[in-house]
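Step one of this worksheet: look at the structure below.
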Amino acid sequence: MRPSARRERAGFDTAAQPTDAPERKGVGPTPGGYGLMSVSDASDTPDAPDPDGRDGDQPTGSGLAAEKVRRQARVDELRARGDQPYPYRFDRSHTLAEVRAAHGDIEAGTETDAEVTVAGRVMLKRDTGKLVFATIQDRSDRIQLFISKAVVGDDGFVDVKELDIGDWVGVHGTVMATRAGELSVKADRVELLSKAIRPLPDKWHGLTDTDTRFRQRYADLIVNDEARRVFEIRHEAIASFRRTLHDEGFIEVETPVLHVEAGGAHARPFDTHHNALDLPLYLRIALELHLKRLIVGGMERVYEIGRVFRNEGISTRHNPEFTMMELYQAFVDWQEMMAISERLITQAARDAIGTTVITVRGHEFDLAEPWPRISMCGAVSAALDRTVHPSQPVDDVRAIADRHGAKYEASWGSGRIIEALFEELCEADIVRPTFVTGHPVEISPLARVDRDDPHVTERFEIFCDSRELGNGYSELNDPVEQRARFDEEQAAKEAGDAERGTVDEDYLRALEYGMPPTGGLGIGMDRVAMLLAGVDSIREVVLFPTLRPEQF
RNA sequence: GCGCCUCUAGCUCAACGGUAGAGCAGCGGGCUUUUAACCCGUUGGUUCAGGGUUCGAAACCCUGGGGGCGCACCA
């Protein structure tokens, strides 16, 4: 299944992009450009008469409004003569990739007896008089239609001429290759499957305006090959995670999105409310605490891939809702969590992009090689050329932070300031996937204390390209110590730190039943997709990123 | 929230402060092997909005809006 998806894509690329125009390479942020959004508000209203009558008042002319009127008139014309411009179904025999796979090697200028029934959207149309070439696109590929007046008949040919770019068509015909060698379907019947009332963006340049691309993702997906490629990679990566976890004996579960306490991470939650219960609720900011309850319940290996919500800033790395994978495994510690992190992401790369060799900021590396491990305190100490450790008095650590431009707040202890120093001094330099280990206890309320150093935890974060990809640790399973950690969180929250946690009594009760030694891991799937697709903005891997609402 | 950049036809982009243009799409015509087909003709604009400077503003200034990037935030 997966390998064939890759081949389809390869076939697609050669068919659709004989040349690689530079404009098409960058799906990434494109400077300049402005979309149709606010320019054409009036005519942009979906269907129906416009409030200000622009659509209806200008049936001649040739703006967007007139174009829609013209195409709608075609719909009416078809209905008037008894044809269905929006038929209910169409049974195809082959996807376009299947046609190419079966017949891609036929010689130029030859025709076959192979009958196929295919369907797709008209992307290009070349009318040479009594012969029309149209390029149609389905999910798998593009292929050329060879439509001769002599074959489809006079009436059928008129309908072909009336086709607009953007229309969906179903085609029956035989497979051939033109004199130029282009694999084609020689149509003997062309059926309209859905009339497009709105014209497609530029057939060559596609859509580049990021605003329009994200708001009208459907249009982006139609015309930008790169957008489709990215979401295929995302899909393959997530599917790969599920396969790996299934093969390793993990059970996929679903836990509540609506939480009474927003725990498991430090982040501001979205507030909501349940009417019947008259209950304030939060959208979850992490999956952690429910999944660990299931470990208490004896499920041993569980994972969830789900949406979490954080009411914080939006950036190239942050979307308010994003997809997290968290897994918990009984009887193992953080070392196994690092090992499975490497396995999951390396396999995802194989499945999604067919290689484990990745280039980030000009550096090429192989995900299959062991990922470097650096301790947080060690990295900061190395950067400063002096030892820094959470056991040091907070005044000393503050002085260091002051000298090196790391910002902190009065309530922070040495551990949290060291983290700020790490972010300030070290984070930007991490290119290849790296385990940053040994986070101070202060910033790790759910992680177990390091067996060799009581000031830090058995915790790691995965960094790559200066972005955090994941986070894992040996899970704290001592209910008494967990309560003490929660108490500290609560105290910090009451002291004014809105992102700190509260005491989750039910979770503590669960721990009191006994949680086995457990390793836990969370990985941001959006960022994995970014890494594998090689894009710089999370909006490129989220189909419908959060934006201010458009004014219609 | 702050700073910088940006917004021109359906799409992609031009226009020293001096008549708002091109390509594509559309429309009319021609063409039975095209490849972003081609050739001839042609329609289409509240230059994001509002204000100001100027004889004259798409351009300069101010305010507002959308978007992008960076910072802050994001353990």
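Each chain gets a letter, A, B and so on, in the order its sequence line appears, and its residues count up from 1. Bear in mind that the values here come from a model prediction, so they are computed numbers and not experimental data.
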For G26(B) and R198(A) - does any side-chain N or O of the residue sit under 4.0 Å from the phosphate oxygens OP1/OP2?
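No, R198(A) has no side-chain N/O under 4.0 Å of OP1/OP2 on G26(B).
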Find the partner of [N]: check Watson-Crick (N1-N3 plus N6-O4 or O6-N4) and G-U wobble (N1-O2, O6-N3) distances, both under 3.5 Å, and reply none if neither fits.
N	result
G64(B)	C48(B)
U8(B)	none
A36(B)	none
G1(B)	C71(B)
G56(B)	none

Determine the contact category for [X]: base if any of its heavy atoms lies under 4.0 Å from a base atom, sugar-phosphate if only primed atoms, P, OP1 or OP2 are that close, otherwise nothing.
X	result
Q144(A)	base
L207(A)	sugar-phosphate
R539(A)	sugar-phosphate

Heavy atoms from C-beta onward define the side chain here; which of A25(B), G66(B), C27(B) lies closest to that of R70(A)?
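Among A25(B), G66(B), C27(B), the one nearest the side chain of R70(A) is C27(B).
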Looking at the side chain of K407(A), which of C71(B), G67(B), A72(B) is the nearest nucleotide?
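For K407(A), the side-chain atoms sit closest to A72(B).
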May I ask you to list the residues of residues 146-159 of chain A, by number, that have any heavy atom positioned under 4.0 Å from an atom of RNA chain B?
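Per residue number, the list reads F146(A), S148(A), A150(A).
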So, using salt bridge (Lys or Arg N to Asp or Glu O under 4.0 Å) as the criterion, who are the partners of [X] when residues are at least two apart?
X	result
K195(A)	D164(A), D167(A)
R268(A)	E499(A)
R179(A)	none
R459(A)	E461(A)

Could you give the distance separating A14(B) and A22(B) at their P atoms, to the nearest angstrom?
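Comparing P positions in A22(B) and A14(B) gives a spacing of 15 Å.
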Pairs involving residues 407-418 of chain A, ordered by first then second residue, that meet salt bridge (charged side-chain N to carboxylate O under 4.0 Å, His left out) (sequence neighbours left out):
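Every pair satisfying salt bridge (charged side-chain N to carboxylate O under 4.0 Å, His left out) with a residue in residues 407-418 of chain A: R416(A)-D497(A).
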Using a strict 4.0 Å threshold on nitrogen-to-oxygen distance, state whether R213(A) and E540(A) make a salt bridge.
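Yes, this pair counts.
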For the residue pair D220(A) and Q216(A), confirm or rule out a side-chain donor-acceptor distance under 3.5 Å.
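Looking only at side-chain atoms, Q216(A) and D220(A) do not form any donor-acceptor pair under 3.5 Å.
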